[in-house]
Protein chains: 2
Amino acid sequence: MANKLSQLDQVFAALADPTRRAIVMRLCAGEASVGELADPFAMALPSFMKHIHVLETSGLVQSEKSGRVRTCRLSPDALLGAEDWFQQQRAIWEARLDRFEAYVMKLKKEKEQAAAKRPSRTARKKGS
Amino acid sequence: MANKLSQLDQVFAALADPTRRAIVMRLCAGEASVGELADPFAMALPSFMKHIHVLETSGLVQSEKSGRVRTCRLSPDALLGAEDWFQQQRAIWEARLDRFEAYVMKLKKEKEQAAAKRPSRTARKKGS
DNA sequence: TGTATAGTTAGCTTCATGGCTAACAAATTA
DNA sequence: TAATTTGTTAGCCATGAAGCTAACTATACA
């Protein structure tokens, strides 16, 4: 329960780094070894391994070693969990906008009714 | 261009902190003053202000001061930008899964054809 | 068996983050 | 005008993140 929140912490923190986002993007296209993943980056291997470790700890990536090669693959659950968070926020945001719009419409209606009773110079201006 | 990526860095980094996520969630429900936002947190105001500042720098939040009160509101563009990133990754991931599934289906079909020519004990087992 | 490959561990530096207190500024209210 | 409220600035501290090199392990190849 309280654990789920800190998983979000880790997922967002993991994705805050461009190297790690690039790794995730690469792994979306299919699994790869550590060496293959590290190749595009001008970075010492131990530094790169730290990024892999952060991704594993966050739950975004899983890996297993066979022989001397460690193969990494995406574990999409954590990614979907973060995406869910956005969708929930957007739902709240949109519900609020709907309420706000309803409120504005109500104000507008009241204004129109007032204008209908006491027509003025400005009442002319609205086309529709 | 190169700027957009670092905006993503900032947005994800901002969302990696539970205090800041809570602020964003609160602001989804409508704007609020710094004091109102800070109230639920057992934290000194200057510490809290740093979070607000991080959110503003990331583009997630905007604020303006009127009198001695600073009012904060959500600026949904940055949020939507981050959500887009997830959706793009998911699209790539799903396309890859489709290709993988097609590959598996092809293998299965070949196996079935082979089984049809040389029926064996295992050929019985598949229902459809 | 010896050598190259692929990762890993250890330990170091530098800088960013998240928290604090204390003191200050500028509006409101009495 | 004096006191309160609401932020803000400055500066300190502890911790963690991101990079490096050097040295090591373990597998695969010749």
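Both backbone and side-chain heavy atoms feed into the values below; hydrogens, waters and symmetry mates do not. Order of the sequence lines fixes the chain letters, A, B, ..., with proteins taken first and strands second; residue numbering starts at 1 for each chain.
Between the CG atom in A:L8 and the CG atom in B:D17 there is a gap of 12.0 Å [rounded to 0.5 Å].
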Contacts under 3.5 Å, N or O only, protein and nucleotides 23-30 of chain C:
unit_1 : atom_1 : unit_2 : atom_2 : d
C:dA27 : N3     : B:R68  : NH1    : 3.2
C:dT28 : O4'    : B:R68  : NH2    : 3.3

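Under the 3.5 Å distance criterion, the side-chain polar atoms of B:S33 are matched with a main-chain donor or acceptor of B:E36. Looking only at distances, no side-chain donor or acceptor of B:R20 sits under 3.5 Å from a matching main-chain atom of B:L15.
In this structure, CE of A:M49 is placed 15 Å from C1' of D:dA18, rounded to the nearest angstrom. Counting to the nearest Å, the P atom of C:dT17 and the CZ atom of B:F48 are 18 Å from each other. Following rounding to the nearest Å, A:L55 (CG) and D:dA18 (P) show an atom-to-atom distance of 10 Å. Distance B:D17 CG to D:dT15 C1': 14 Å, rounded to the nearest Å. Atom CD1 in B:I52 sits roughly 12 Å away from atom C1' in D:dG7 (whole-Å rounding). For A:K50 and C:dT9, the NZ to C1' distance is 11 Å, given to the nearest whole Å. Taking atom NE2 of residue A:H53 and atom P of nucleotide C:dG7, one finds them 16 Å apart after rounding to whole Å. One atom, CD of A:Q10, and another, P of D:dG16, lie 13 Å apart when rounded to the nearest Å.
Less than 4.0 Å separates DNA chain C from at least one heavy atom of each of the following residues of residues 25-34 of chain A: A:S33, A:V34.
Residues satisfying the side chain to side chain contact (heavy atoms under 4.5 Å, CB included) test with A:R96, not counting sequence neighbours, are A:W93, A:R99.
Each of D:dT6, D:dA18, C:dG19 was ranked by its minimum atom distance to the side chain of B:V69; first place goes to D:dT6. Of the candidate nucleotides C:dC20, D:dG7, D:dA18, C:dC20 has the atom lying nearest to any side-chain atom of B:A44.
No side-chain donor-acceptor contact under 3.5 Å links B:Q7 and B:S58. Using modelled atom types and a 3.5 Å distance limit, the side chains of B:T57 and B:Q10 yield no donor-acceptor pair.
In this structure, the helix from C:dT1-D:dA30 to C:dA30-D:dT1 shows an angle of 20° between the axis at its start and the axis at its end, each fitted on 5 base pairs and rounded to 10°.
Considering every non-hydrogen atom in both A:F48 and A:V34, the closest pair reads CE2-O, 3.9 Å. Residue A:A29 comes nearest to B:I92 through the heavy atom pair N-CG2, 4.3 Å, listed as atom of the first residue, atom of the second, then distance.
A:S47 has a side-chain polar atom (N or O) that falls below the 4.0 Å cut-off from OP1 or OP2 of D:dC20. Contact annotation: A:K65 does not reach the phosphate of D:dT27 (side-chain N/O to OP1 or OP2, under 4.0 Å). The side chain of A:H51 contributes an N or O atom lying less than 4.0 Å from OP1 or OP2 of D:dG19.
Sequence neighbours left out, the pairs with a member in residues 56-87 of chain B that pass ring-ring contact (aromatic ring centres under 6.0 Å, His included) are A:F86-B:F86, B:F12-B:W85, B:F12-B:F86. Residue pairs satisfying the ring-ring contact (aromatic ring centres under 6.0 Å, His included) criterion with at least one member in residues 51-72 of chain B, sequence neighbours excluded, are absent.
Judged by closest nucleotide on DNA chain D, B:E36 is the one of B:E36 and A:L45 placed further toward the 5' end.
The pair A:E64-A:R70 does not meet the salt-bridge criterion, since no charged nitrogen lies less than 4.0 angstrom from a carboxylate oxygen.
Put simply, B:L45 and B:V69 are part of two different groups of oily side chains (I, L, V, M, F, W, Y) that touch within less than 4.5 Å, one to the next.
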